Amino acid sequence: MVNFVTHIIPHFNSLTMKQIYQPTISNILLSILLFLNLILYTKQCNQNDKIALLKIKRQLGNPSWTNSWNTTSNCCDSWSNKIVTISCNDRDRVVELTIFNDTKISTKIPRSIGDLASLEVLTMDQMPGLHGLIPAKTICRLTNLSSLAFGTTNLTGRIPRCLGNLTELLHIGITDSKLSGPIPPALAQLPKLGSIFLKSNSLSGPIPNFHITELTFINIGYNNLTGPIPTSIGRLFRLNVLVLSNNQLTGPLLPSLGLLSSLYWLDLSNNRFIGSIPSKFGSIKDSSYLQLQNNQLTGPIPKSLGQLNIIWVDISSNRLTGDASFLFGRNKSTERIILNNNMFKFNFSSVELPENLFILNISHNKIYGSLPKEVANMTTFDCSYNHLCGAIPKGCEKFGKASFVHNMCLCGPPLSPCK
């Protein structure tokens, strides 16, 4: 204050009354406007939502990250931290509750979550102590919900059928938990659903028929699902990712999957699929991932696969035969080619390896010829149990002896010297 007075008094006598008061009035008006703006744009917690959140706090066992939650503080402004995120809309209603990475808490899903009537996003992730059933009467009251996610939990029981009534849902993710029973068919009919992630549970039964034009992501891998791939999946033309791996699915591969023009990740590995690889798979989008390993596929692979310029192809551990040399090519962008444990038979001498290739496994086949010098550039390479001959290129010692054994006449480090 002293410095302010000292600075202003020498100039006071030279100012007119108009000069003195005009800026002061402007400053006052500006201050009022700023204050009103602060009031208008500071979100105030809806009282009903605050009561619900305080009940949730108690039902969670009063964890330390809720220490700021009390009757006098603003839940829209000061209750979020590195564990929890609470967001409010322009009407001061709580629209998001995200709890992430609390590994100490041991509790069930709080039933008072159902009292957050405007909630749009509910996430409880990386919470291994979260156990019990998904309370249907709680979650299915949230009719505005657009995103529902429970991840890395110990939740058990079935997926509530009433989730199919939440027609605003855009995303469902219940992963890395212990859910069992079937996937409710009603989930496959949700009109706005864009992604469904149910991986790493113990779900059983068939895959439901999906009839959702907006669907872009399906990941239901690592379950106990059975039966064939529904033909309806072949009509999901906006689908980007389809992961059905590590189930007990049977029947032939669905040819129409190759015609999904937006599909860039197809993982059908570790199932019981039979028959041949459809030629239509040669139409799969470039720069994509194709994983068909560990099935019971038979016969030669279609020449159309040679047209693909994909990042990752894994067709290992099947009963495939014939030529696979057309999967290679110097100008391709492929980074991983995994062909091991089949019955492929072709001359490896004339193969041109893609420049970006860093993982190559051709072991346990009937491949013959010699090794190109470029294999030394790989990060991972295995050609054991084939019919290869000739000197192993320099620089391949890093792969170890096991990567070259049981061939017809390969020699040189790391095997015995060439004669």
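For reference, positions follow the sequence shown, starting with 1. Just so you know, these numbers come straight off a predicted model, no measurement behind them.
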My understanding is that only one of Arg93, Glu120, Glu96 makes a side-chain hydrogen bond (donor to acceptor under 3.5 Å, both in side chains) with Ser87; could you say which?
Glu96

Whether the side chain of [X] engages the backbone of [Y] through a donor-acceptor N/O pair (distance < 3.5 Å, no angle test) should be reported.
X: Asn365; Y: Met343; answer: yes
X: Asn271; Y: Ser269; answer: yes
X: Asn219; Y: Gly221; answer: yes
X: Asp125; Y: Ala149; answer: no
X: Trp312; Y: Glu335; answer: no
X: Asp382; Y: Asn361; answer: no
X: Asn223; Y: Asn201; answer: yes
X: Lys50; Y: Ser73; answer: yes
X: Asn101; Y: Lys82; answer: no
X: Asn240; Y: Ser262; answer: yes

First locate atom [atom1] of [X], then atom [atom2] of [Y], and finally report the distance between them rounded to the nearest 0.5 Å.
X: Asn89; Y: Leu119; atom1: CG; atom2: CG; result: 10.5 Å
X: Thr138; Y: Asp115; atom1: OG1; atom2: CG; result: 8.0 Å
X: Glu352; Y: Glu374; atom1: CD; atom2: CD; result: 8.5 Å
X: Thr334; Y: Ile310; atom1: OG1; atom2: CD1; result: 6.0 Å
X: Leu249; Y: Ile229; atom1: CG; atom2: CD1; result: 6.5 Å
X: Asn62; Y: Ile56; atom1: CG; atom2: CD1; result: 12.5 Å

Minimum-distance pair of heavy atoms, taken over all atoms of [X] and [Y]:
X: Asn48; Y: Asn46; answer: N-OD1, 2.9 Å
X: Cys76; Y: Cys45; answer: SG-CA, 3.7 Å
X: Gly157; Y: Leu133; answer: CA-CD2, 3.6 Å
X: Leu190; Y: Thr167; answer: CD2-CA, 4.1 Å
X: Leu53; Y: Trp69; answer: O-CZ3, 3.3 Å
X: Asn386; Y: Lys366; answer: OD1-N, 3.3 Å

Looking at [X], I want to see if its [atom1] is surrounded by more than 12 non-hydrogen atoms of other residues, nucleotides or ligands under 6.0 Å.
X: Lys398; atom1: NZ; value: yes
X: Phe150; atom1: CZ; value: yes
X: Glu355; atom1: CD; value: no
X: Lys285; atom1: NZ; value: yes
X: Arg319; atom1: CZ; value: no

Passes side-chain contact (heavy atoms from CB on, under 4.5 Å), Leu415 versus Ile392? Steps please.
CA-CA 8 Å; Leu415 299 182; Ile392 296 172; 3.8 Å; yes

Below 4.0 angstrom, N of the basic side chain to O of the carboxylate: do Lys192 and Glu168 qualify?
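Glu168 and Lys192: salt-bridged.
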
Ring centroids only, cut at 6.0 angstrom: are His364 and Tyr385 within range, meaning strictly under it?
yes

Between [Y] and [X], is there a side-chain donor-acceptor contact under 3.5 Å, judged purely by atom types and distance?
X: Thr152; Y: Gln126; result: yes
X: Thr153; Y: Ser177; result: yes
X: Ser195; Y: His171; result: yes
X: Ser370; Y: Ser349; result: yes
X: Gln59; Y: Ser112; result: yes

Verify side-chain contact (heavy atoms from CB on, under 4.5 Å) between Ser416 and Cys411, making sure each step is shown before the conclusion.
CA-CA 6 Å; Ser416 302; Cys411 61; 6.0 Å; no

Pair Ile99, Ile105 - check side-chain contact (heavy atoms from CB on, under 4.5 Å), show working.
CA-CA 11 Å; Ile99 305 173; Ile105 200 168; over 6 Å; no

Using a strict SG to SG cutoff of under 2.5 Å, would you count Cys88 and Cys75 as disulfide-linked?
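Disulfide absent: SG-SG distance not under 2.5 Å.
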
Flag side-chain contact, heavy atom, 4.5 Å: [X] against [Y]:
X: Ile172; Y: Leu166; value: no
X: Arg111; Y: Lys137; value: no
X: Leu353; Y: Phe348; value: yes
X: Cys140; Y: Asn165; value: no
X: Val351; Y: Pro372; value: no
X: Val243; Y: Tyr289; value: no
X: Phe328; Y: Ile337; value: yes
X: Ile207; Y: Ile183; value: no

Run the side-chain contact (heavy atoms from CB on, under 4.5 Å) test on Leu236 and Leu242 for me, step by step, so that the C-alpha distance in whole Å, both residues' side-chain angles and the decisive distance to 0.1 Å come before the verdict.
CA-CA 10 Å; Leu236 301 176; Leu242 177 61; over 6 Å; no

